[in-house]
Structure formats: C-alpha cells, structure tokens
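What follows is a short report on a single structure.
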Amino acid sequence: MKSEKNYRALCATQFDIPLGGSLMIALVGGGGKTSAAFWLAKQFKNQGHCVLVSTTTKMYLPDSYQADNFINLEHNHNQLIPYSHLDLSEPSITFCYKNKIASNNKSDKIKVSGVTPELIDELKNDSPFTVFIIESDGAKCLPIKAPDRHEPCIPITSDMVIGVTGAEVIHTRAIPERIHRWNIFSALTQCSTGDIIDHRILGNLIEHQQGMFKHAPEQAIKIWLINKIDLAANYSALTQLAHKVISKTTRLDAIWLAAMNSQAPIKNVLTRD
C-alpha cells in the first residue's frame with residue numbers, strides 16, 4: 001500500500017469534480033465530524049467552490065466565522081431549501097439547518113436539527129452549490145460508535161463517506177461509557193468490556209455490513225479518518241494498526257491520520273494497493 005505525507009497528491013482524483021458536476025461528502029462515526037466538515041468546507045471554498053454544509057441529524061450551530069451564509073428553515077414551509085437571496089457569485093460556505101433545539105444546558109453551544117437526506121439529494125441535482133458536506137450521524141461527543149437501526153442518515157447521492165474515530169480510544173481498554181451504542185458495538189465487533197480496542201475490533205466495525213459504513217452507497221469512496229492523533233498513546237503503534245486494517249479491508253479506499261484542529265490536519269494517508 002501507499003503511504004504519503006502529501007494527501008493532495010495522493011487523493012487528488014478523489015476530489016476531482018467534473019465540469020458542471022458536484023460532490024457530496026457524508027461524515028459518520030464519532031471523534032470530530034464537525035471539525036472535519038468545516039476544514040473540508042474551507043478547502044473547497046479556497047478552490048473556488050460554493051459549499052453547503054448541513055446535517056441530517058443534529059449538530060452544534062457553527063460560529064459566525066465558520067460560514068459566510070446561514071439558512072434557517074424554521075419558518076420555511078416549502079419543500080425546497082431557499083437560496084435565491086444569497087450571493088453565490090463568489091466562493092462561499094453556507095450552513096443550513098432546520099431549527100434551534102431548546103435545551104436546559106447552560107453551555108454557550110446551541111444545537112440545531114438538520115434536514116432530510118432526500119432534501120439534500122434533491123438540492124444536489126438542482127442548485128448553484130458544487131460541494132455538499134453533510135454530517136450524517138451522531139455520537140454524543142464520544143470518540144467511537146456503532147450505528148443504531150435508524151443510523152446513519154446518509155444521502156443516497158453521496159460520492160464519499162468519511163467514517164471518523166477518535167485516536168484516544170484506540171489501543172485502550174473498552175469501557176462502555178466511552179463508546180456510543182455500546183451494546184450494538186459489542187455485538188458487531190465481538191468486543192467485550194475490558195478488551196483492547198485493536199485492529200481486529202476496528203476492522204470488524206469497518207467491515208461489518210451494519211457497522212461504520214452502514215447505508216453508504218456502494219459506489220461511494222470510503223475513508224476512515226482517525227482523528228486526534230495527538231492524543232494517541234503511541235503514534236507508531238497507531239500507524240502500524242492503520243497499515244494492518246488497510247491491508248485486510250474490502251471496504252476502505254483510504255485511511256487518513258489526522259489532527260483536525262491543527263493548521264495542517266492530515267498528517268498521513270494510506271491507500272489500498
């Protein structure tokens with residue numbers, strides 16, 4: 001397999017957007033989906049695209065500096081997302097959500113609900129946006145999860161699905177409180193409380209039809225993003241684990257080793273031979 005520091009050279013074809021076409025990226029899993037979504041959005045904006053960021057579940061309302069435009073659909077009774085009032089003649093990031101969610105939490109962070117996958121699919125086929133980045137899963141801020149029966153909510157026109165895992169949980173003992181949907185995770189991965197979360201368990205999560213890439217379109221590029229590598233106990237061991245997983249996988253196209261909150265987040269990329 002290939003291992004390159006320069007992910008642009010290695011993943012260039014994955015980001016090629018045909019003239020007059022569009023690209024849909026869905027993010028699932030845990031461990032930093034929102035950070036990844038807005039980093040990707042910024043990259044595409046810098047490449048000259050009008051980017052729509054949204055969610056099919058719930059996510060925190062981004063800060064004003066993270067998006068150029070905000071679309072609130074709370075009082076919109078049409079079946080379409082309105083965008084005619086926006087100036088999309090220049091590259092931009094637009095964040096779209098359904099409504100704010102009432103909470104007793106005293107945190108400054110506001111959660112919002114998203115739109116349906118069907119609405120996103122419809123918008124992809126007829127809108128001025130050329131890149132769509134959709135947070136399609138929830139994990140209660142935990143680093144790893146398995147999907148429930150109704151999860152994840154991935155638009156069927158997704159061209160790429162990125163599964164995110166927090167590196168801080170890898171090579172540690174499985175503690176149910178640190179894993180979202182523990183009972184499902186345990187059954188899918190054959191992991192018991194106290195087991196080390198190693199390449200076997202993670203490989204099971206990735207490969208299982210009901211696992212990390214459940215509901216991902218067959219033709220979509222599938223990437224495992226290991227985030228927060230700065231929190232990994234042993235980066236060398238983490239890299240060795242990634243090599244083992246990519247060498248045995250039948251589902252993954254690439255693995256990204258990353259620290260999404262850093263200036264240059266993608267530190268290494270592995271691809272299948």
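- Here the closest heavy-atom approach between residue H199 and residue L241 is recorded as N-CD1, 3.4 Å.
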Working note: L86 + T94, criterion side-chain contact (heavy atoms from CB on, under 4.5 Å); need CA distance, chi angles, decisive distance, verdict. CA-CA 9 Å; L86 303 177; T94 298; 3.9 Å; yes
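- The closest donor-acceptor contact from the side chain of D137 to the backbone of V28 lies at 3.5 Å or more, if one exists at all.
- Grouping the Ile, Leu, Val, Met, Phe, Trp and Tyr side chains by contacts below 4.5 angstrom, directly or via other members, places I156 apart from M212.
- Remark: K145 NZ to L205 CG distance equals 10.5 Å, nearest 0.5 Å.
- Every residue two or more places apart in sequence or in another chain that forms a ring-ring contact (aromatic ring centres under 6.0 Å, His included) with F95 is listed here: Y97.
- Ionic pairing of K244 and D198 is not present here: no N-O contact between side-chain nitrogen and carboxylate oxygen is shorter than 4.0 angstrom.
- T116 places a side-chain N or O within 3.5 Å of a backbone atom of L119 that can act as its donor or acceptor partner.
- The closest donor-acceptor contact from the side chain of K222 to the backbone of A220 lies under 3.5 Å.
- A continuous path of Ile, Leu, Val, Met, Phe, Trp and Tyr side chains, each step under 4.5 Å between heavy atoms, connects L123 with L88, placing both in one hydrophobic cluster.
- Considering every non-hydrogen atom in both C153 and T57, the closest pair reads SG-CG2, 4.4 Å.
- P91 is not listed as a side-chain neighbour of N46, based on a closest heavy-atom distance of 4.5 Å or more.
- In this structure, K124 forms no cation-pi arrangement with F132, as its terminal cationic atom is not both closer than 6.0 Å to the ring centre and no more than 45° off the ring axis.
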Worked check of side-chain contact (heavy atoms from CB on, under 4.5 Å) between I221 and I223: CA-CA 7 Å; I221 291 166; I223 296 173; 4.0 Å; yes
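- Follow the hydrophobic side-chain contacts under 4.5 Å out from L142 and you never reach I226; the two are in separate clusters.
- How far CG of D63 is from CZ of F38: 9.0 Å, rounded to the nearest 0.5 Å.
- Atom-to-atom distance recorded for D87:CG and H85:NE2 is 11.0 Å, nearest 0.5 angstrom.
- The heavy-atom pair separating I101 from V112 by the smallest distance is CD1-C, 3.7 Å.
- Atom CD1 of I93 and atom OH of Y65 lie 11.0 Å apart (nearest 0.5 Å).
- In this structure the side chain of T193 reaches within 4.5 angstrom of the side chain of W182, judged on heavy atoms.
- Between G211 and L188, the shortest heavy-atom contact is CA-CD1, 3.9 Å.
- The closest donor-acceptor contact from the side chain of E207 to the backbone of T250 lies under 3.5 Å.
- At least one donor-acceptor pair under 3.5 Å links the side chain of H208 to the backbone N or O of Q210.
- Side-chain contact annotation: S92 with D68, donor-acceptor N/O pair under 3.5 Å absent.
- In this structure, K33 has no salt bridge (Lys or Arg N to Asp or Glu O under 4.0 Å) partners at least two apart in sequence or on a different chain.
- Residue I196 comes nearest to I201 through the heavy atom pair O-CD1, 3.2 Å, listed as atom of the first residue, atom of the second, then distance.
- Note: I197 CD1 to R200 CZ = 11.0 Å, rounded to the nearest 0.5 Å.
- Other residues, nucleotides and ligands contribute over 12 non-hydrogen atoms within 6.0 Å of the CD atom of Q219.
- Partners of F213 by ring-ring contact (aromatic ring centres under 6.0 Å, His included), not counting sequence neighbours: none found.
- There is a side-chain donor-acceptor pair under 3.5 Å between E135 and T34.
- When the shell of 6.0 Å around CG of L231 is examined, it contains more than 12 heavy atoms from other residues, nucleotides or ligands.
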Should Y235 and L257 be marked as a side-chain contact (heavy atoms from CB on, under 4.5 Å) after you check the CA-CA gap, both sets of side-chain angles, and the distance that decides it? CA-CA 10 Å; Y235 180 70; L257 294 153; 4.0 Å; yes
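- Checked by atom type and distance alone, the side chain of S54 pairs as donor or acceptor with a backbone atom of C96 at under 3.5 Å.
- Looking at R272, its side chain does come within 3.5 Å of a backbone N or O of L252 through a donor-acceptor pair.
- S262 is linked by a side chain to side chain donor-acceptor pair (under 3.5 Å) to K267, counting only residues two or more places apart in sequence or in another chain.
- Remark: I134 CD1 to L52 CG distance equals 5.5 Å, nearest 0.5 Å.
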Could you give me the CA-CA distance, side-chain angles and deciding distance for F129 and S22, then say whether side-chain contact (heavy atoms from CB on, under 4.5 Å) is met? CA-CA 8 Å; F129 299 105; S22 58; over 6 Å; no
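- With hydrogens and angles ignored, the 3.5 Å screen pairs no side-chain donor or acceptor of S158 with any backbone N or O of M160.
- Put simply, the side chain of N125 gets close to the backbone of D121: a donor and an acceptor are under 3.5 Å apart.
- Closest approach of I154 to A26, counting heavy atoms only: CG2-CB, 3.9 Å.
- Contact of the D253 side chain with the T271 side chain is not registered, since no non-hydrogen atoms from C-beta on lie closer than 4.5 Å.
- K214 meets the salt bridge (Lys or Arg N to Asp or Glu O under 4.0 Å) test with no other residue; sequence neighbours excluded.
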Please tabulate, for the side chains in residues 162-179, all donor-acceptor contacts under 3.5 angstrom to protein atoms that are two or more places apart in sequence or on a different chain.
from : atom 1 : to   : atom 2 : distance (Å)
T165 : OG1    : W224 : NE1    : 2.9
T172 : OG1    : V169 : O      : 2.6
R173 : NH1    : G194 : O      : 2.8

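- Between the side chain of S247 and the main chain of H243, a donor-acceptor pair closer than 3.5 Å is present.
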